[in-house]
Every structure is written in C-alpha cells, then in structure tokens.
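Read the structure below first, then the notes.
Because the structure is predicted, anything quoted here is derived from the model rather than measured. The figures that follow rest on heavy atoms only: side chains count, while hydrogens, waters and symmetry mates do not.
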Amino acid sequence: MAGARLFVFPAFVLGLTVVSAYVEELDDKFNENRKSEPWLVEFYAPWCEYCKTFEPIWYDVGAELKSLGSPVNVGKLDTTAHSSVLSDFNIRGYPAIILVKGEKSFEYRGPRTKDGIIEFTNRVAGPVVRPLTSAQLFQHVLSRHDLFFLYIGGRSPLKVCKYHKVAAEFIIYNYFFSASEEVLPQAVSLQEVPSIAVFKDGTYYLYNEKRDGNLSDWVGRERFRCYFQMDSFTLYQMGETTKLVALAIVDETNPTTESVRDDWVKTFHVYVYRNFQFGYMQGNDYINGFIMGELALPSLIVMNMTIDGYYLPEQKVETMEELLQFLNSVLNGRSKLLGGNGYVRRMKRLYYRVTSAVKTGFASAPFVTCFLLSLPVGLVVMIVWGVCTAVPVDEDKADEGALLATGTRPAASQRKRTEQTSNESKKED
C-alpha cells in the first residue's frame, strides 16, 4: 500500500508538469511576438486567490487546445512583474482571459470553465463570418449550435458594410455564418433576399430594418436564447444591454416550476422581446445578496442590471395573465423600482454579503470561523493593550537613551561622574 502511494504522487506531479508544459509563461517581449500568431492569454496577479484556484483549469485548456491541433498558443502573464504589457489591454479584474489576433484583442466574458473557454477560442480564432456551402453543412451547424446568425444571399452592401462589421463586434458571444438561399431547407421562408436571420429555440427570426432598427442593436437583443439558465456572468452581460431581465428564481427539485417555464417559452418572444430578456436561476443565494433579503422559491423578479435595480410583484405570479400585468406595470412605471447602485446602497450590499458569509461559516464550520474571526480581533486587542499600558518616558531620559544608542555619552552624565571623582579625591586628601 505504501509503495502504491509513493507511485501515485510522482505520477500526479508528472501529469501536472506535462499539462502545464502547454502553457507558456510570458514576459515583456509578448508585445513583439503576438503579431505573428494568435495567443490566448491569462492575465493574472500572484496575490489573486481565484487565479490560483483557476490555474489547473487553465492548464487543461492549454492541453485540450494542443490535442485538438489548434493554431492558438496558450500563455499566462504576471501583470505585477510585466506591467508594461498592459498598455494595450483594458484589464478590469483577475483572471482576465484575452485572445489576441495581431492588433486585435477579444476578452472572454463567460464562465471560467474549460469547455466555455475552448468554445470561445475556436469561435474567435476562426473567420468572423463562416460560409456554409451545402445543405449538409447547414444541418450540421443547426444541430450543433443553440444560437447563430446567418446572412442569406450573395455579395451585397448589407453583407459587406453591415453584417461583417456587426459580426466582428459580437463574435466573442455568437457564431456568424453566410449561405446562399439554395442551402436552406424549404421550411425556412424568406420575405426577400438578401436577408439576415437568427436561429434559436428551434425556430428562426428575420431581421427587418424598418421594424428592428439598427442591425447592431438587433443582434444585441437577439444574441441570447429566449429563455435559458442564467448565472452571475450572464447577468453581468445584461448590464451592457438595454433589456430588463425577467428572472424566475426556481428550485429544480420542485416540478411545478416546469409548467411556469413552458408558458413563458410560448409567449415571451412575441411579447415585448425588445424590452425583456427571460431566464431562470437555480436557487436564491445570488439574488438574496443582490436584494439584501430573502426571496422565496419559486419567485419572479425583474432586474435592471445597468443600475442594479429590481422590481418585485405585489402578489405571487401564478398565471400568464398575472405575468403580463406585472411586466406591463414595470414598463409603464406603476411598479416601484427598488435597489440601485448608489454609494450607500453599495456599502449596505457589501455589509450584507460579509454578514451572510459569516453566518454561513458559523453554520458549516463554527470552530474554524471563530478562529478566523479571532485573529484580527486579537491583533486589535494587542495593539490597544500596548498603547494603554505603555509607560511615559521622561524627555531627558529619552534624549540620554538616544545618545547612548548612537554611542555618544551625554554631557550631563559626564559632568556628574567628573564631580563624583573630584569629591572622592578630596576625601582621600
């Protein structure tokens, strides 16, 4: 058994070393080398605890991309040691994941998972607009991707001037393809050619400039599925849009939430899809911290992530009619806006999260939590005790101590010793 343990540990270290070999540690020369080939870079700081937790995932990303034959190099850069590299990048937090293609850079804003990062890398490293040359290829894309945008038709100003530009803007989020009308199945009915469509949720929606306005705004509204599971990363992205988030807070162990979800799917894209993004979140932990309160399960909340505001229904929403009434009350201002991102509100939210973390710690590990809390308290007590029990030092003694510390004997002390020596000499005489 002991021999087996000794064998497992070196094997683990060897495996970790092999995986980490696919991730290069970068330095100040990165700005010179990045223009020749694509790079996927993690910008980190040694003091960032999450960066240390994320490190094994990053090594797995490097190994996976290498095994897939990806042309993208994977690296990591210590921003505290090589700060000169940061001038070309807008680093807002750690770890920051950025794909660099020549002079262009694309920041990953999704969940920090291996699959999510690899999907992002494969999407952004390739062409901005990918051509679909056959019906089989279109069906393959349709079965593989939950959401994608498609330009239909030949070369036109709509494709060259607008579609390619918008695709370059949103490639960090979605795939963009182009195809001729012959590639599409007969079920796809076009009003005109060229056209732009988004395929999602088992159907498709066509872009109409008169109805939908600017193409970039339309893509920004349609780049999410109509109804999907959200997390903190997704909600953060919602702050960049003009949409309100209608969020169902559900408990997956309760089957009654499924009927609510099905009703939403049938209605929301037809009803005010320009104003709302619909989704659901499992559990209420994140929302409780957002509203600084306790939200029952299941519940409904409408969030304005731009200002960290939210709306709550006055009564429980159980039917589609009640849902539509609540959404209308949000749009016409009858529903009260709560929350916000003012200074006082942010401080209250920080205080709530700290106290919630302490309560959770006491519930799960009371002894460890008490020990951790006692450390800063003990330090403060020691400092106060030291200040209160300090003995005042006489100025003359302080000056004498300072002179002694420098090796210089005070003049007063020398005179006193001289007088003592003189008196002793007189007594002897």
Side-chain angles (χ1 to χ4, degrees), residues 110 119 123 129-153 158-159 162-163 166-167 169-230 234 237-238 241-248 250 257-281 300 319-321 323-324 327:
E119 174 76 7
R123 182 172 64 248
V129 177
R130 292 169 164 84
L132 302 180
T133 56
S134 66
Q136 292 79 8
L137 190 56
F138 173 81
Q139 291 297 333
H140 172 74
V141 169
L142 189 64
S143 63
R144 182 177 178 184
H145 301 292
D146 294 328
L147 188 153
F148 64 91
F149 292 89
L150 179 66
Y151 171 86
I152 306 159
L158 177 61
K159 179 180 182 180
K162 296 182 179 180
Y163 187 69
V166 172
E169 179 184 358
F170 288 95
I171 190 64
I172 60 175
Y173 303 114
N174 305 107
Y175 278 95
F176 290 81
F177 298 94
S178 64
S180 63
E181 187 178 2
E182 293 75 17
V183 168
L184 303 180
Q186 294 182 355
V188 178
S189 176
L190 303 177
Q191 299 174 353
E192 60 181 358
V193 177
S195 291
I196 298 175
V198 57
F199 288 80
K200 63 179 180 179
D201 302 308
T203 185
Y204 66 95
Y205 304 95
L206 296 174
Y207 166 67
N208 184 302
E209 186 174 5
K210 293 181 180 180
R211 179 194 64 202
D212 301 317
N214 183 272
L215 178 60
S216 178
D217 293 339
W218 179 76
V219 171
R221 291 192 300 267
E222 294 286 1
R223 67 183 180 89
F224 297 100
R225 292 165 55 196
C226 293
Y227 186 83
F228 63 100
Q229 182 176 350
M230 295 188 180
T234 310
Q237 293 180 28
M238 293 299 171
T241 70
T242 58
K243 282 189 175 184
L244 299 170
V245 182
L247 194 65
V250 301
T257 59
E258 295 297 330
S259 59
V260 176
R261 190 175 309 171
D262 292 339
D263 289 340
W264 281 31
V265 173
K266 297 174 183 177
T267 304
F268 47 57
H269 196 276
V270 178
Y271 178 74
V272 294
Y273 76 97
R274 295 185 181 182
N275 300 300
F276 291 98
Q277 173 63 54
F278 294 83
Y280 70 97
M281 178 176 286
L300 175 66
T319 66
M320 181 56 60
E321 183 180 357
L323 171 62
L324 297 182
L327 296 180

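Considering only heavy atoms from C-beta on, F170 comes within 4.5 Å of F176 through its side chain. K159 is not listed as a side-chain neighbour of P194, based on a closest heavy-atom distance of 4.5 Å or more. Side-chain atoms of L324 and E321, non-hydrogen and from C-beta on, never get closer than 4.5 Å to each other. Residues D212 and R221 have side chains in contact (heavy-atom distance under 4.5 Å, counting atoms from C-beta outward). Considering only heavy atoms from C-beta on, M230 comes within 4.5 Å of F228 through its side chain. Between Y207 and V219, every side-chain heavy-atom pair lies at or beyond the 4.5 Å cut-off. At a threshold of 4.5 Å between non-hydrogen side-chain atoms, the residues F149 and Y163 count as touching. The shortest side-chain heavy-atom distance between L244 and N275 does not fall under the 4.5 Å cut-off.
D201 places no side-chain N or O within 3.5 Å of a backbone atom of T203 that could act as its donor or acceptor partner. A donor-acceptor pair is defined here as one N or O able to donate and one able to accept, closer than 3.5 Å; such a pair exists between the side chain of Y204 and the backbone of S189. In terms of modelled atom types and a separation under 3.5 Å, the side chain of K200 and the main chain of E222 share a donor-acceptor contact.
To the nearest 0.5 angstrom, E119 atom CD is 4.0 Å from Y175 atom OH. In this structure, the separation between CZ on F177 and CZ on F199 is 11.0 Å, given to the nearest 0.5 Å. One distance of note links CZ of R130 with CG of L137; it measures 11.0 Å at 0.5 Å rounding. The distance from the CG atom of L300 to the CG atom of L327 is 7.0 Å, given to the nearest 0.5 Å. Atom CG of residue L147 and atom CZ of residue R225 lie 8.5 Å apart, to the nearest 0.5 angstrom.
The side-chain hydrogen bond (donor to acceptor under 3.5 Å, both in side chains) search around S180 returns E182, not counting sequence neighbours. Listed by chain and number, the residues in a side-chain hydrogen bond (donor to acceptor under 3.5 Å, both in side chains) with T234 are D231 (sequence neighbours excluded). Residues that satisfy the side-chain hydrogen bond (donor to acceptor under 3.5 Å, both in side chains) test with T133, not counting sequence neighbours, are absent from this structure.
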Quick one, W218 with V166, criterion side-chain contact (heavy atoms from CB on, under 4.5 Å). Give me CA distance, side-chain angles, the key distance, then yes/no.
CA-CA 10 Å; W218 179 76; V166 172; over 6 Å; no
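The aromatic rings of F148 and H145 sit perpendicular, their planes meeting at an angle over 60°, well past the 30° parallel limit.
For the pairing with L150, the side-chain contact (heavy atoms from CB on, under 4.5 Å) check across V188, L184, V141, I196 returns one residue only, L184.
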